[in-house]
Amino acid sequence: MLDIRLIREEPERVREAMVALNATAPIDEIIALDERRRELVNQVEQMKARRNEGSKLVSKASDKEERDRLIADMRTLGDEISTLDEQVRDVESELNALMLTVPNLPLPHVPVGPDESGNVVTQTTGQPRSADFPLLPHWDIAERLGIIDFERGVKVSGSRFYVLRGDGARLQRALITWMLDLHTQKHGYQEVYPPYLVLEQSLYGTGNLPKFGETLFRDIEEDKWLIPTAEVPVTNLYRDEILDEAMLPIYHTAYTACFRREQISAGKDVRGIKRGYQFDKVEMVKFVHPDRSEEEHQRLIGEAEDVLIGLELPFRRLQICTGDLSFTAANKVDLEVWAPGTEEWLEVSSCSNFVDFQARRANIRFRPTEGGRPHYLHTLNGSGMALPRTMIAIMENYQREDGTFAIPQVLQPYLGGQTEIGIQPPIGPARA
RNA sequence: GGAGAGGUGGCCGAGUGGUUGAAGGCGGCUGUCUUGAAAACAGUUAGGCGAAAGCCUCGCAGGUUCGAAUCCUGUCCUCUCCGCCA
């Protein structure tokens, strides 16, 4: 959420930003409602002041007639107040509803562009893999080895679900553990394990609602929504709190499953595990002092890159332009890993600086050490990493001519020293 | 799921419908005293809107009233006991 004062005082700046974002926002309506609200509030507050005084007089009035007259006056005044109060409530809720639909403003140095075509590759790390045998897409590799069971996933849960089997499941588990260890031990994050179901209010806090409800799964009987990312429960950890400045910065990393109702676009990304309704992700979330968010953003990107560097995967850094910025982000950098089998760059991480946008929505503040009013802090987050796409990248980059693939060195200790993944034993009677 | 109890400031804890935005205590901060500390004493210590006057906030939402932390209704949450359960 933006500061209403910004819209009130610098509407042109906000309008220009909306153009750059390729977004529309009801700025004029907001300004009109804000003005109306302030008029009404002013009026009703003066009346309330009179009522408070009048009520005090009632308790002091010794003369019966005087007292009755006062009570009658106050009754009339009270009715008028109720009417106005109702109007204030209506205007406020309308204003608030509109405020929640205004996207965040981009930081000044974010490149202006109309859509994803304006994104800028700012850095490429590692060499794309070449081989003297045809490099296969991961679904071929995985199916041959028996580490992903696509058919049974669909049978059990419908399209866009799959089942990891044997070493496939183990590899993902090793990745999760290694990533969490990296962030906690090397980057200073505290691990949290949050709920996967959240209240509607939490989704407003991170900005997923009200605009993106159609991409979420929810329980139909209760106010419980499945998280689309760990960002939601982790950011809301400190909702409605005033932290001490000395507590900042707070770094949290969390592994969760994520649930997204993806728009079914026929024939796009239907094969493999690139896009499903459920996927796992390790997420990093930062709560920082407003003066430090840009610096923390750069560090966050570096911390995400550490994962790909550790896995020795070729990747590039993509600066997102204004037109492709997500609703809540003031600045965003994606990391894309090269998948030589499908020959595409896969978005495996998205590192965003939300500045105070989420903090306002979720009401997360800190009290300065030197005292004074609390301020909104800044939030950031980045994936570190999305697991299915990381798995794709490993399978496709580490594949060998015989159809097996090697295990990245850093993961080997997490798999009992195993160095490669081969054909899984056939489904059969359990062996001890 | 059934029965009962309760939700007040950073914490504990008062609160007869009318100077209670809220006693008292603890904790925090600032002074006095002290070489320093402790103790003692004094003061101070919530958030929001507003330029200010002022208004609002005692889980939340309604209602009664001239006036509600206090009365009524609903709701959420916590605790205890029973049941169920990984």
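Nucleotide B/rA38 forms a pair with no other nucleotide shown, judged by Watson-Crick or G-U wobble geometry with both contacts under 3.5 Å. The partner of B/rG4, taking Watson-Crick or G-U wobble pairs whose two distances both stay under 3.5 Å, is B/rC79. A 3.5 Å limit on both hydrogen-bonding distances identifies B/rC29 as the Watson-Crick or G-U partner of B/rG43. Applying the Watson-Crick and G-U wobble criteria (two distances, each under 3.5 Å), B/rU19 pairs with nothing in any strand. A 3.5 Å limit on both hydrogen-bonding distances identifies B/rU73 as the Watson-Crick or G-U partner of B/rA61. Applying the Watson-Crick and G-U wobble criteria (two distances, each under 3.5 Å), B/rG54 pairs with B/rC49. Base pairing of B/rG67: no nucleotide in any strand meets the Watson-Crick or G-U wobble criterion (both distances under 3.5 Å).
Taking atom P in both B/rC82 and B/rG25, one finds a spacing of 41 Å when rounded to whole Å. Taking the C1' atom of each, B/rC29 and B/rG10 are spaced 13 Å apart, rounded to whole Å.
A tilted orientation is assigned to the rings of A/Tyr251 and A/Tyr189, their planes being inclined by 30° to 60°.
Side-chain atoms of A/Tyr162 and A/Asp149 form no donor-acceptor pair, as typed in the model, at a separation below 3.5 Å. No donor-acceptor contact under 3.5 angstrom links the side chains of A/Glu143 and A/His138, judged on distance only. Side-chain atoms of A/Ser350 and A/Asp334 form a donor-acceptor pair, as typed in the model, at a separation below 3.5 Å. No hydrogens or angles considered: nothing links the side chains of A/Arg361 and A/Thr206 as a donor-acceptor pair under 3.5 Å. At a cut-off of 3.5 Å, with distance as the only test, no side-chain donor of A/Asp3 or A/Tyr376 sits close to an acceptor on the other residue. Side-chain contact of A/Asp167 with A/Gln418: a donor-acceptor pair under 3.5 Å is present, judged by distance alone. Side-chain polar atoms of A/Asn119 and A/Gln319 form no donor-acceptor pair below 3.5 angstrom.
With contacts defined as side-chain heavy-atom distances shorter than 4.5 Å, the pair A/His183/A/Met284 qualifies. A 4.5 Å side-chain heavy-atom check between A/Pro106 and A/Asn331 finds every atom pair outside the cut-off.
Candidate nucleotides B/rG47, B/rA52, B/rG50 were compared by shortest atom distance to the side chain of A/Arg5, and B/rG50 ranks first. The side chain of A/Asn42 has B/rA52 as its nearest neighbour among B/rG47, B/rA52, B/rG67. Proximity note for A/Pro374 (side chain, C-beta onward) versus B/rG47, B/rG18, B/rC49: the nearest is B/rG47.
Following rounding to the nearest Å, A/Arg360 (CZ) and B/rC49 (P) show an atom-to-atom distance of 10 Å. Protein atom NZ of A/Lys224 is 10 Å distant from nucleotide atom P of B/rC76, rounded to whole Å. Atom CG in A/Asn363 sits roughly 14 Å away from atom C1' in B/rA46 (whole-Å rounding). Atom C1' of nucleotide B/rC66 and atom NZ of A/Lys64 are separated by 13 Å, given to the nearest angstrom. Rounded to a whole Å, the CG atom of A/Leu243 is 13 Å from the C1' atom of B/rG10. Summarising the geometry, the separation between CD1 on A/Ile4 and P on B/rG48 is reported as 17 Å, rounded to the nearest angstrom. Atom pair A/Asp68:CG and B/rG67:C1' shows a separation of 15 Å (rounding to whole Å applied). In this structure, CD1 of A/Ile242 is placed 16 Å from P of B/rU45, rounded to the nearest angstrom.
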Dump the pairs, protein N or O against N or O of nucleotides 55-57 of chain B, anything under 3.5 Å, distances to one decimal.
residue, atom, partner, partner atom, Å
B/rC55, OP1, A/Asn52, ND2, 2.9
B/rC56, OP2, A/Asn52, ND2, 3.4

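Remark: side-chain polar atoms of A/His297 are paired, donor with acceptor, to backbone N or O of A/Cys351 under 3.5 angstrom.
Residue-level contact check: A/Arg38 touches neither bases nor backbone, having no heavy atom under 4.0 Å from any strand.
Between B/rG50 and A/Arg8, a contact under 4.0 Å exists linking OP1 or OP2 to a side-chain N or O. Close to B/rG47, at under 4.0 Å from its OP1 or OP2, lies a side-chain N or O of A/Arg367. Contact annotation: A/Arg365 side-chain N/O to B/rG48 OP1/OP2 distance is under 4.0 Å.
For the pair A/Arg373 and A/Met74, nearest-nucleotide mapping onto RNA chain B gives the more 5' position to A/Arg373.
A heavy atom lying under 4.0 Å from RNA chain B marks the following residues of residues 75-96 of chain A, by number: A/Arg75, A/Arg89.
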